[in-house]
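Comments concern the structure below.
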2 protein chains.
Amino acid sequence: MELTARQQEIYDYILAYRRGNGCSPSIPEIQRHFGIRSPNGVAGHLHALESKGVIRLSSRGSRRIDVPADPAPGARVTSLPVFGAIPAGPPQAVAPAAAEGDAWLDETLLGFRPKPASFLLKVRGDSMKDAGILDGDLVLVEPNPAPRAGQIVAALIDGESTLKRLVKLRGAWFLKAENPAYPELHPRADLVIQGVVRTVIRRMN
Amino acid sequence: MELTARQQEIYDYILAYRRGNGCSPSIPEIQRHFGIRSPNGVAGHLHALESKGVIRLSSRGSRRIDVPADPAPGARVTSLPVFGAIPAGPPQAVAPAAAEGDAWLDETLLGFRPKPASFLLKVRGDSMKDAGILDGDLVLVEPNPAPRAGQIVAALIDGESTLKRLVKLRGAWFLKAENPAYPELHPRADLVIQGVVRTVIRRMN
DNA sequence: TTCAAAAGTGTAAATAATTACAGTATGGAG
DNA sequence: CTCCATACTGTAATTATTTACACTTTTGAA
């Protein structure tokens, strides 16, 4: 069932209001915006929109217009800590104080919801330049207990922390830079994978 | 002036609520969450928080707790169209219908507020691989009437649309791929710059 | 001990938002 | 022309929310 022109206007206003304010408008606010002098004028539209399934007026209270197709903007956004260097030590032990700050990411853009322990890392050096990861880039690292060969990982190798591609050759795991100037890293002792790079972000000016 | 432990709890709850719902809680909601039986119990905290400057109770109406340090999550987020190829023709003439979809970007992450006519472009080909822009990447292109030499731009050159670095040599502008396998592009006729690449985003799996 | 700040309870009043009900006007479809 | 959906007006009642006022309890410093 299609929306009428007026219903579309009301619906668009609700979406625009939510975009600017984070929550839905109250009926009096819709009244003022459209110059409708009776709250019932608006209520009629809201009931029509509800019966057509584009909004929901479920709970009691104020500002309770729900838009199933438009989750609260805040609900899609996640805050992740930004680290200037790969934090040493096991990921669980990373003190939040070591973070340089926070950045907000929208799930719609990422295409997935980052796990709670994910973090952003400011890349230093050009050892991954042939994989398109340059100095200054921001990478989203997500903890992954079972990384696959070929993935780019943040790893602790013999106590040193690096961003490298994970490779498996004849049963042995090692790390490979994506820059011919850097050698392969074969772990002498332990190889601790802190997480897998899921997203690369570069700001330019 | 520091917050007391209880005030901090209330403040944290307000922030968490805003994160999940996009707008601030009402006083009864705060009451229920903390088991406070009088609305005045909450109002006292709100006035304390206001006098300490962390919230504002400016206007009349419901759910009117403003948090200056935490703008409405939705207000920071912008929707941009995603194009599968650089749209041909002058940027103004691009039909919105040509977009493949929309993606949401958070200004905190980008570090700037994209101009309204900005768009996202899905990169095809590896002509910019030495600049760290690979096939499948998403780039944010912002219209810029005065691009500078050295910037990476989306351009129409002799009717063809491409992503290249803008170079100026002895007064002449031309476009340069960041891949030795590609030739420089010297405009025969017109060189129309559609916009400057401000951000590169790569999703991995 | 005395005092003041912090954190409440309890009640009432004022304001805001929602819902309900009885209408009116207009523009098609039949 | 009649009927019906749409889009309202106007008013009142109901429910939510905010604000105000008087008072209590606890805690920690002077």
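Note that these values count all heavy atoms, side chains included, but never hydrogens, waters or copies made by symmetry. Per chain, numbering begins at 1; letters A, B, ... match sequence-line order. As the structure is a prediction and not an experimental result, all values here were calculated from the model.
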Quick check: closest heavy atoms across [X] and [Y], and the distance to 0.1 Å?
X        : Y        : value
A:Lys164 : A:Leu175 : CB-CB, 3.7 Å
A:Ser118 : A:Leu140 : CB-CD2, 4.1 Å
B:Val196 : B:Pro147 : CG2-CB, 3.9 Å

Within this structure, what is the [atom1]-to-[atom2] distance between [X] and [N], rounded to whole angstrom?
X       : N      : atom1 : atom2 : value
B:Arg6  : D:dT27 : CZ    : C1'   : 15 Å
B:Ile30 : D:dT17 : CD1   : P     : 11 Å
B:Lys52 : C:dA7  : NZ    : C1'   : 12 Å
B:Glu2  : C:dA5  : CD    : P     : 18 Å
B:Ile55 : D:dT18 : CD1   : P     : 11 Å
B:Gln8  : C:dA7  : CD    : C1'   : 16 Å
A:Gln31 : C:dA16 : CD    : P     : 13 Å
B:Tyr13 : C:dA7  : OH    : C1'   : 19 Å

Between [X] and [Y], does any side-chain N to carboxylate O distance fall below 4.0 Å?
X        : Y        : result
B:Arg63  : B:Glu29  : yes
A:Glu142 : A:Arg198 : yes
B:Arg56  : B:Glu50  : no
B:Arg113 : B:Glu107 : yes
B:Arg165 : B:Glu178 : yes

Please list, in numerical order, the residues of residues 32-48 of chain B that have a heavy atom closer than 4.0 Å to any atom of DNA chain D.
B:Pro39, B:Asn40
Report, one pair per line, the protein and nucleotides 28-30 of chain D atoms (nitrogen or oxygen only) whose separation is under 3.5 Å.
none

Examine [N]: is either OP1 or OP2 under 4.0 Å from a nitrogen or oxygen in the side chain of [X]? Give yes or no.
X       : N      : answer
B:Arg60 : C:dT15 : no
B:Thr4  : C:dA7  : yes
A:Arg64 : C:dT19 : yes

Could I get a table of every N or O pair under 3.5 Å where one atom is in the protein and the other is in nucleotides 27-30 of chain C?
none

Taking the inter-plane angle between the rings of B:His186 and B:Phe174 on a 0 to 90° scale, is it parallel (under 30°), tilted (30 to 60°) or perpendicular (over 60°)?
parallel
Whether the A:Arg203 and B:Thr199 side chains hold a donor-acceptor pair (N or O, under 3.5 Å, no angle test) is what I'd like checked.
no
Would you mind telling me which residue lines up with the more 5' stretch of DNA chain C, A:Ile27 or B:Ala5, judged by nearest nucleotide?
B:Ala5
For B:Arg76 and B:Thr108: C-alpha separation, side-chain torsions, deciding distance, then whether side chain to side chain donor-acceptor pair (under 3.5 Å) applies.
CA-CA 7 Å; B:Arg76 285 192 321 252; B:Thr108 322; 3.2 Å; yes
I want to check something: taking the side chain as every heavy atom from C-beta on, are B:Leu134 and B:Asp126 in contact at a cut-off of under 4.5 Å?
no
